[in-house]
Undergrad: 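Quick one: structure below, then a few questions.
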Amino acid sequence: MKKKTPSGQPSTDEDSLAELALDHPLPKLILEHRTLSKLKSTYTDKLPRSINPNTGRVHTTYSQTTAVTGRLSSNEPNLQNIPIRTPAGRRIRSCFIAPPGSKIVSADYSQIELRIMAHLSGDENLRRSFAEGEDIHRATAAELFGVPLTGVEPEHRRVAKVINFGLIYGMSSFGVAQNLGIDRGTAQTYVERYFQRYPGSKRYMDETRKRAKELGYVETVFGRRLWLPELRSGAPVRRQAAERAAINAPMQGTAADLIKLAMIAVQRWLDETHAKAKLIMQVHDELVLEVPDAELEATQAKVRELMQGVHRLDVPLVVEVGVGENWDQAH
DNA sequence: TTTAATGGCGCG
DNA sequence: AAAGCGCGCCATTAAA
């Protein structure tokens, strides 16, 4: 056992058990049990108890003053962590349904944090990819592996996706290696090649760390600040954690600012047009509406337009809209 | 019985 | 010495 918890106990988290599962049959069974019991205890058992008898609906509470980046948070119950990544999880999501004569409409920003990185960094290559509507992970893979867009293998794209997301989080080459299950040297090579191909991105990361340390805070495109006193901590662990937060916050926070503006624009339009459609949920980069069939076409088009046009960045904002009887189908 | 800490895991 | 950001909530354990 290599990995330890903060208190020094051997870790039994998913990664650790997955590793043990290569040599023993039991860990896999434990992981399957964990997955199912998580879904049962947190969602299947709990959500029905959250139904308000007066409305027949589940009502969450959003907080505007909890998340340091400016995101909303959702509690009692949390409707921002409803499962979607596994078939069993999606069955839970499919229980969020529209009443007869209405549909669920889901509108989500595509790759919004990477687009914001392109905007903030001004990286020409990144900007061009988004301007031309390329699949960004595919484009990054093509750069990393020196192949044309049409020659990108799924495995290449998977590597590129880890690196793209890792950058948003301030991940090191060690983290890339860990995540991909490759050796550190290879991971280091990928990261170096990434920064060669996207030099503006490299410049932005360095500049953000430097500026953040001087000022003691970072800010979003709209000026929302996150103060990070630990950037000057003498404890390397704390200081480096603050540096990663400093890298991430302008991107996560700008995305939060944008969707809040979009929510205001969408609700204003609904009010002004006396629409029967309702804005019912927000999940960080996604708005969910309940829409009468008669309003479906107009609502989809207008919500997309309002979200994409909420603010002009140096790259286009793209919104994907889906419709269905339930929340799962709407994706 | 309630509260707090811990480890773990659901989502973006 | 640690190594990926932001949340909320579950079961378990120990303490109040």
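Not measured: the values here are computed from a predicted model. The sequence lines fix the lettering, A, B, ..., with proteins before strands; numbering per chain opens at 1.
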Undergrad: As a test of understanding, state which of A/Val288, A/Leu296, A/Val303 forms a side-chain contact (heavy atoms from CB on, under 4.5 Å) with A/Val105.
TA: A/Leu296
Undergrad: Under 4.5 Å between any side-chain heavy atoms of A/Ile264 and A/Arg268, yes or no?
TA: yes
Undergrad: Is any side-chain heavy atom of A/Trp269 less than 4.5 Å from a side-chain heavy atom of A/Thr299?
TA: yes
Undergrad: When rounded to the nearest Å, what value does the distance between P atoms of B/dG7 and C/dA3 take?
TA: 14 Å
Undergrad: Looking for any heavy atom pair under 4.0 Å, which part of the strands does A/Thr66 touch: base, sugar-phosphate only, or nothing?
TA: sugar-phosphate
Undergrad: Looking at every strand, decide which applies to A/Ser173 at a 4.0 Å heavy-atom threshold: base, sugar-phosphate, or nothing.
TA: nothing
Undergrad: Decide if the gap between the ring center of A/His284 and the ring center of A/Tyr109 is smaller than 6.0 angstrom.
TA: no
Undergrad: As a test of understanding, state which of A/Arg209, A/Glu207, A/Lys213 forms a side-chain contact (heavy atoms from CB on, under 4.5 Å) with A/Arg211.
TA: A/Glu207
Undergrad: For A/Val176 and for A/Asp45, locate the closest nucleotide of DNA chain C by heavy-atom distance; then report the residue assigned to the nucleotide nearer the 5' terminus.
TA: A/Val176
Undergrad: To the nearest angstrom, how far is A/His33 atom NE2 from C/dC10 atom P?
TA: 17 Å
Undergrad: Measure the distance from CG on A/Leu228 to P on C/dC5 and round it to the nearest whole Å.
TA: 12 Å
Undergrad: Indicate the ring-plane relationship of A/Phe165 and A/His137, choosing parallel, tilted or perpendicular according to the 30° and 60° boundaries.
TA: tilted
Undergrad: How is A/Gly166 classified with respect to the nucleic acid when contacts are heavy atoms under 4.0 Å: base, sugar-phosphate, or nothing?
TA: nothing
Undergrad: Scan A/Ile116, A/Leu114, A/Ile247 and name whichever one has a side-chain contact (heavy atoms from CB on, under 4.5 Å) with A/Ile168.
TA: A/Leu114
Undergrad: For the residue pair A/Phe145 and A/His156, categorise the inter-ring angle as parallel (less than 30°), tilted (30 to 60°) or perpendicular (more than 60°).
TA: parallel
Undergrad: Short of 4.0 Å, heavy atom to strand atom, which residues of residues 188-209 of chain A count as contacting DNA chain C?
TA: none
Undergrad: Quick one: what's the B/S/- string for nucleotides 2-12 of chain B, heavy-atom cutoff under 4.0 Å, read 5' to 3'?
TA: ----SSBBBBB
Undergrad: With the side chain of A/Thr42 defined as its heavy atoms from C-beta on, choose the nearest nucleotide among C/dC7, C/dA3, C/dC10.
TA: C/dC10
Undergrad: Can you give me the dot-bracket string for DNA chain C, 5' to 3', counting Watson-Crick and G-U wobble pairs with both distances under 3.5 Å, using [ ] for crossing pairs and | for partners on another strand?
TA: ....||||||||||||
Undergrad: Determine, using the 4.5 Å side-chain heavy-atom cutoff (strictly less than), whether A/Ile97 and A/Leu79 are members of one ILVMFWY cluster.
TA: no
Undergrad: Report the distance from atom CG of A/Leu226 to atom P of C/dC5, rounded to the nearest whole Å.
TA: 13 Å
Undergrad: Would you mind reading off the distance between A/Leu36 atom CG and C/dC10 atom C1', rounded to a whole angstrom?
TA: 15 Å
Undergrad: How close or far is atom P of C/dA3 from atom CG of A/Leu180, stated in whole angstroms?
TA: 18 Å
Undergrad: What's the CG-P distance between A/Leu120 and C/dC5, to the nearest Å?
TA: 19 Å
Undergrad: Can you tell me how far P of C/dA11 sits from CD1 of A/Ile30, to the nearest Å?
TA: 18 Å
Undergrad: Quickly work out the A/Met251 CE to C/dC5 C1' distance and round it to whole Å.
TA: 9 Å
Undergrad: Both A/Pro236 and A/Ala241 contact DNA chain C. Which one's nearest nucleotide lies toward the 5' end?
TA: A/Pro236
